[in-house]
Number of protein chains: 2
Amino acid sequence: MTKTMKISEAVVRRLPIYLRFLNELSKKNVTTVSSQDLGQKLDLNPAQIRKDLAYFGEFGKKGIGYDVDYLIEKIRQILKIDKVIPVALVGAGNLGRALCNYNAYLKDNMKIVAVFDAQGTKIGESINNLKVKSMDELCPIIQELKVRIGIITVPAAEAQAVANQFVESGVEAILNFAPIIIKVPSEVRVHHADFTAELQSLAYYLD
Amino acid sequence: MTKTMKISEAVVRRLPIYLRFLNELSKKNVTTVSSQDLGQKLDLNPAQIRKDLAYFGEFGKKGIGYDVDYLIEKIRQILKIDKVIPVALVGAGNLGRALCNYNAYLKDNMKIVAVFDAQGTKIGESINNLKVKSMDELCPIIQELKVRIGIITVPAAEAQAVANQFVESGVEAILNFAPIIIKVPSEVRVHHADFTAELQSLAYYLD
DNA sequence: TAGATTGTTAATCGATTAACAATC
DNA sequence: TAGATTGTTAATCGATTAACAATC
């Protein structure tokens, strides 16, 4: 089953969740884990976890479970974060700063290597050892640093223009925090991190 | 179809997306919109949009479409954001500050009315006209201000403890930004806003 | 060997999409 | 009236879960 199968988005979204918990286990020197254990901790069905992993290979041992460190290695390979991935961020506001500082935490190979802002007053400021650059420099810097993923933390009104610049510069995927649906060519992947929508949908479940 | 039906989570998550775009239309004085138009702008199937809305009532007119302002009103009612919902936030770090400042933007009736932090140095600071309070005051303040939703922006190690405090104080729903699965009683709704996971799953789609 | 747990198939469940009568 | 678009049913598609042979 390792070969050409289209893996559903739902599966891909669970992999980082598995990875994070496995990292915790590894830190605690737990060497083996079963789909049972994982399911309990992550509120997921064990069969689902086994099936998710089986899309990519046979990582477990019958009767035993999964070797924690081996599974970590495999999931990192699947997610392509076994090598450092250079990331750029546009929008040095509060949220942008928060993400840059978070950077240290995500030692999981996603590294913010450049920060841009349109506002003159922000340019030159330092955020977490990175100097904020002007938008004019976006394309050359992205190409020089081989940035593959772009993060958008600008107001909604500017998000589409930033996305366009990312695409023109050759960015392959975008994480958009602006509360608007941005349009990009189909070969560019966009995820929306939309906490106002998240908050509003929570309200629905109030009694 | 208006009566007792369990509405799927996927449907509820789309409502804020509809709402946001409808608000834009309203600002531009567009009075009517079809499921066709909506689908095109939001990258969704028109049939799905009609079906989503039909779960809650007959809001459209055959041959015409939906009245923008009427639909806005209805969706706000469905999401229960037709009245102000008091929200509390714990964790006055970069991300917490970002969300508090965002507050102004979400005039959509989700109002952050209290901010807490465990760190002594943060207590007393002002963020967007709110004084940061100590964790000791969490329970009484939440009850006094009738806070219904809690936001967690503390490090992963502290998230579960904060969730517990929220639950004990009577909070009904939680938006968790900490990269960990928190456990709460089944009557409390939790959404996870997890951008490290989001970023990692993006990497999968790189070539 | 007996017990545990995987990988995988089959069964179930749920969500999306197509199609169309009703009707503005 | 003719054209457009809803609300809704039926068809399709896809994802989750159960079950179990294989095997450590």
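Quick note on labels: first sequence line is chain A, next is B, and so on, each numbered from 1. Basis for what follows: all heavy atoms, side chains included, without hydrogens, waters or symmetry-related copies.
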Criterion salt bridge (Lys or Arg N to Asp or Glu O under 4.0 Å) on Glu9(A) and Arg189(A), from CA distance to verdict
CA-CA 12 Å; Glu9(A) 199 177 311; Arg189(A) 178 98 192 169; 3.0 Å; yes
Test salt bridge (Lys or Arg N to Asp or Glu O under 4.0 Å) applied to Asp67(B) and Lys61(B), step by step:
CA-CA 8 Å; Asp67(B) 181 277; Lys61(B) 285 209 189 1; over 6 Å; no
Side chain to side chain donor-acceptor pair (under 3.5 Å) partner of Ser35(B), the single match among Gln40(B), Arg50(B), Lys51(B):
Arg50(B)
Taking Lys133(B) first and then Asp117(B), would you say they form a salt bridge - that is, a charged N and a carboxylate O separated by under 4.0 Å?
no
Can you tell me the distance, in whole Å, between the CG atom of Asp52(A) and the C1' atom of dT17(D)?
12 Å
Rounded distance (Å) that lies between atom C1' of dT6(C) and atom CZ of Phe56(A):
17 Å
Calculate, to the nearest 0.5 Å, the distance between atoms CD1 and CG belonging to Ile112(B) and Leu130(B) respectively.
8.0 Å
Heavy-atom contacts under 4.0 Å between residues 61-75 of chain B and DNA chain D, which residues?
Lys61(B), Lys62(B), Gly63(B), Ile64(B), Gly65(B), Tyr66(B)
Contacting residues from residues 28-45 of chain A, given that a heavy atom lies under 4.0 angstrom of DNA chain C:
Ser34(A), Ser35(A)
Check whether any side-chain N or O of [X] sits under 3.5 Å from a backbone N or O of [Y] as a donor-acceptor pair, and report yes or no.
X: Lys122(B); Y: Val132(B); value: no
X: Ser134(A); Y: Asp136(A); value: yes
X: Ser26(B); Y: Leu22(B); value: no

Compute both the distance and the angle, then confirm whether Lys74(B) meets the cation-pi test with Phe56(B): under 6.0 Å from the six-membered ring centre, within 45 degrees of the axis.
no
Using a 3.5 Å limit for the pairing distances, which stems of at least 3 consecutive Watson-Crick or G-U wobble pairs does DNA chain D take part in?
C:3-24 with D:3-24
Among the nucleotides dT9(D), dG7(D), dT8(C), whichever has the atom closest to the side chain of Glu58(B) is dG7(D)
Which protein N or O atoms sit under 3.5 Å from an N or O of nucleotides 12-15 of chain C?
none

Side-chain contact, heavy-atom cut-off 4.5 Å: Ile149(A) with Met110(A)?
yes
Would you mind listing every side chain to side chain donor-acceptor pair (under 3.5 Å) that reaches into residues 140-162 of chain A, with sequence neighbours excluded?
Arg148(A)-Glu172(A), Gln160(A)-Asn164(A)
Sequence neighbours left out, what pairs pass side chain to side chain donor-acceptor pair (under 3.5 Å) with at least one residue falling in residues 81-100 of chain A?
Arg97(A)-Glu125(A)
Quick one: is Arg50(A) getting a side-chain N or O under 4.0 Å of the dG7(C) phosphate, OP1 or OP2?
no
Ser201(A)-Arg13(B) side chain donor-acceptor pair, cut-off 3.5 Å
no
